[in-house]
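Nothing fancy with the numbering, it's 1 onward along the sequence. For ligands, and for the atoms within them, numbers begin at 1 and follow the listed sequence.
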Amino acid sequence: MDIIFHHPTFNTQLWLEGMQQQLPGATVRQWHPGDNQPADYALVWHPPVEMLSGRETLKGVFALGAGVDSILSKLQAHPDMLPAGVPLFRLEDTGMALQMQEYAVSQVLHWFRRFDDYQALKQQSKWQPLDDYRREDFTIGLLGAGVLGGKVAESLAAWGFPVRCWSRSKKEYPGVTSFAGTEQLGDFLKGTRVLINLLPNTPQTVGIINSQLLNQLADEAFVMNLARGVHLVESDLLAALESGKVKGAMLDVFAKEPLPMESPLWKHPRIAITPHLAAVTRPQEAMEYIAKTIRQIENGESPSGQVSLHHGY
Ligand SMILES: NC(=O)C1=CN([C@@H]2O[C@H](COP(=O)(O)OP(=O)(O)OC[C@H]3O[C@@H](n4cnc5c(N)ncnc54)[C@H](O)[C@@H]3O)[C@@H](O)[C@H]2O)C=CC1
Ligand SMILES: O=C(O)C(=O)CO
């Protein structure tokens, strides 16, 4: 079995050796321009078009992340990049859910215990106890309730918050109220105090966090964008912060990354920023997952994690 690998920033040697260990019979090589030798599987992130095009014998392509929007947008511009019938897989969890839980739970508790307000009071050297927030006024809403959103929802429910989620179809997560489809988006937003976005980037979800959506949240709402920058209309968030409708935001992803120096988001006192690291690919867990999936394919099974080209995620 031949496996080709391309990632612009990962430690290639670690991946080649690691995959070799996972699949002892396989030959794993870094792909270089001009390499047209046969391959059964490709492990990629931002793949050059020529790496995959024409490879009709591929049995699977693995995206080395959870979101496949960058690959699918390239595929739209170069439809022959992925030969017809070759399945595209993505990473399902592989250690990312725990990272998302850490990120979301710590920030929700930060807002719930009003540490943002106390930080502002500290800047003024003010000793001033504030009223507690009540859990019943702190409903948390997950936009997107898949592999990552579902786990984040469950971890917040375990902290005793009212938690709800919104997805394409209904979900059954313990302690989480499920809303589904465009027709239930309004009901989901009504009363949501903390909105956490974990949707995939698709034509249906681009720009979804806009003024119209923000205005339907509870007053003094909080917004956490952990998915993709294009989901959020940044100017609409700034307007909602200005009006007081939104009290604070925590952003990990941006329409343009790295976030340009001149962006007004940097200096806004009620916006916290991290540089797209809410959850990163953990090589060991990812390699174990990919090897397991390859073994399932080789055994004629249907593994999970296949991307729907129709749905775009
Ligand atoms: N900031 C970061 O470091 C990271 C961000 N991500 C982002 O998180 C996203 C989610 O990842 P997973 O949970 O693994 O994806 P997933 O595919 O398991 O879940 C997606 C969820 O969104 C829902 N959804 C999709 N389109 C919808 C629509 N039009 N209307 C309503 N619901 C819709 C689905 O029903 C599902 O519940 C990724 O696509 C990626 O963009 C992922 C990893 C790290
Ligand atoms: O896996 C993904 O989709 C990411 O955004 C990783 O940072």
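Of all atoms in ligand 1, numbered sequentially from 1 with element shown, those under 4.0 Å from a heavy atom of Ala227 are 5 (C), 7 (C), 41 (O). For ligand 1, the atoms closer than 4.0 angstrom to any heavy atom of Ala66 are 42 (C), 43 (C). With ligand atoms numbered from 1 in the order given, ligand 1 contributes 1 (N) to contacts under 4.0 Å with heavy atoms of Val253. Which parts of ligand 1 touch Trp166 is read off a 4.0 Å heavy-atom cut-off, strictly below it: atoms 30 (N), 31 (C). Listed by number with element, the atoms of ligand 1 under 4.0 angstrom from any heavy atom of His276 are 1 (N), 2 (C), 3 (O). The contact set between ligand 2 and Gly65, taken as ligand atoms under 4.0 Å from a residue heavy atom, comprises 1 (O). Residue Leu198 approaches ligand 1 through these ligand atoms, each under 4.0 Å from one of its heavy atoms: 8 (O), 10 (C).
The pair Arg134-Asp137 meets the salt-bridge criterion, since a charged nitrogen lies less than 4.0 angstrom from a carboxylate oxygen. With respect to Lys245 and Asp219, a salt bridge is recorded, a charged nitrogen being found less than 4.0 Å from a carboxylate O. A salt bridge is absent between Asp93 and Arg282: the closest approach of a Lys/Arg side-chain nitrogen to an acidic carboxylate oxygen does not fall below 4.0 angstrom.
When heavy-atom distances to ligand 2 are checked against a 4.0 Å cut-off, Ala279 comes that close only through its backbone atoms N, CA, C and O. At a heavy-atom cutoff of 4.0 Å, ligand 1 is contacted by no atom of His311, backbone or side chain. Contact annotation: for Met100 versus ligand 1, heavy atoms closer than 4.0 Å belong to the side chain alone. At a 4.0 Å heavy-atom cut-off, ligand 1 touches Arg228 through the side chain alone.
Note: Phe138 and Phe161 have tilted aromatic rings, judged against thresholds of 30 and 60 degrees for the angle between ring planes. The aromatic rings of Phe10 and His7 lie parallel to each other, with less than 30° between the two planes, well short of the 60° mark.
In the hydrophobic clustering of ILVMFWY residues, with side-chain heavy atoms under 4.5 Å counting as a link, Leu148 and Met250 come out together.
In terms of modelled atom types and a separation under 3.5 Å, the side chain of Ser263 and the main chain of Pro260 share no donor-acceptor contact. In this structure a side-chain-to-backbone donor-acceptor pair under 3.5 Å is missing from Gln184 to Gly181. Between the side chain of Tyr173 and the backbone N or O of Ala145, at least one donor-acceptor pair lies under 3.5 Å. Between the side chain of Lys170 and the backbone N or O of Ser178 there is at least one donor-acceptor pair closer than 3.5 Å. A donor-acceptor pair under 3.5 Å links the side-chain atoms of Gln216 to the main chain of Gln212, judged by distance alone. When atom types are taken as modelled, the side chain of Asn225 and the backbone of Ala227 share a donor-acceptor pair closer than 3.5 angstrom.
When only non-hydrogen protein atoms are considered, atom 15 (O) of ligand 1 lies nearest to Arg90 NH2, 3.5 Å. Among all non-hydrogen protein atoms, the one lying nearest atom 29 (N) of ligand 1 is Gln204 CB, 3.7 Å. Closest to atom 11 (O) of ligand 1, if we only count protein heavy atoms, is Leu148 CD1, 3.6 Å. Looking from atom 26 (N) of ligand 1 to the surrounding protein, the closest heavy atom is Tyr313 CE2, 3.8 Å. Among protein heavy atoms, the minimum distance from atom 44 (C) of ligand 1 is reached at Ala279 O, 3.2 Å. For atom 5 (C) of ligand 1, the nearest non-hydrogen atom of the protein is Leu226 O, 3.2 Å. The single protein non-hydrogen atom nearest to atom 2 (C) of ligand 2 is Ala66 N, 3.5 Å, given as residue, atom name and distance. The protein heavy-atom contact nearest to atom 27 (C) of ligand 1 is Arg168 CG, 3.5 Å. Here the protein heavy atom with the shortest distance to atom 7 (O) of ligand 2 is His276 NE2, 3.2 Å. In terms of protein heavy atoms, atom 36 (C) of ligand 1 is closest to Gly146 N, 3.7 Å.
Checked by distance only, ligand 1 and Leu91 stay at 3.5 Å or farther apart across all their nitrogen or oxygen atoms. Where the criterion is an N or O separation shorter than 3.5 Å, residue side chain and backbone included, Gly67 meets it with respect to ligand 2. Of the N or O atoms in Asp252, one or more lie within a sub-3.5 Å distance of an N or O in ligand 1. Looking at Met96 next to ligand 1, no N or O pair under 3.5 Å apart turns up.
Nearest to atom 37 (O) of ligand 1 by heavy atom, out of Gly67, Ser169, Ala145, is Ala145. In this structure, of Gln99, Met96, Arg228, the residue bringing a heavy atom nearest to atom 3 (O) of ligand 2 is Arg228. Looking at Pro200, Gly144, Cys165 and measuring to atom 20 (C) of ligand 1, the nearest heavy atom belongs to Pro200.
Separation of the Tyr289 and Phe62 ring centroids does not fall under the 6.0 Å cut-off. Ring centers of Trp15 and Phe5: under 6.0 Å apart, within the cut-off.
Within the structure, ligand 1 has Leu199 among the residues with a heavy atom less than 4.0 angstrom away. Ligand 1 has at least one atom lying under 4.0 Å from a heavy atom of Lys171.
Using modelled atom types, one finds no donor on one side chain facing an acceptor on the other under 3.5 Å when comparing Asp252 with His276.
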| Step-by-step salt bridge (charged side-chain N to carboxylate O under 4.0 Å, His left out) determination, Arg295 to Glu301 | CA-CA 9 Å; Arg295 281 193 291 272; Glu301 298 163 28; over 6 Å; no
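For Arg114 and Tyr133, the positive end sits near the middle of the six-membered ring, less than 6.0 Å away and at most 45° from its axis.
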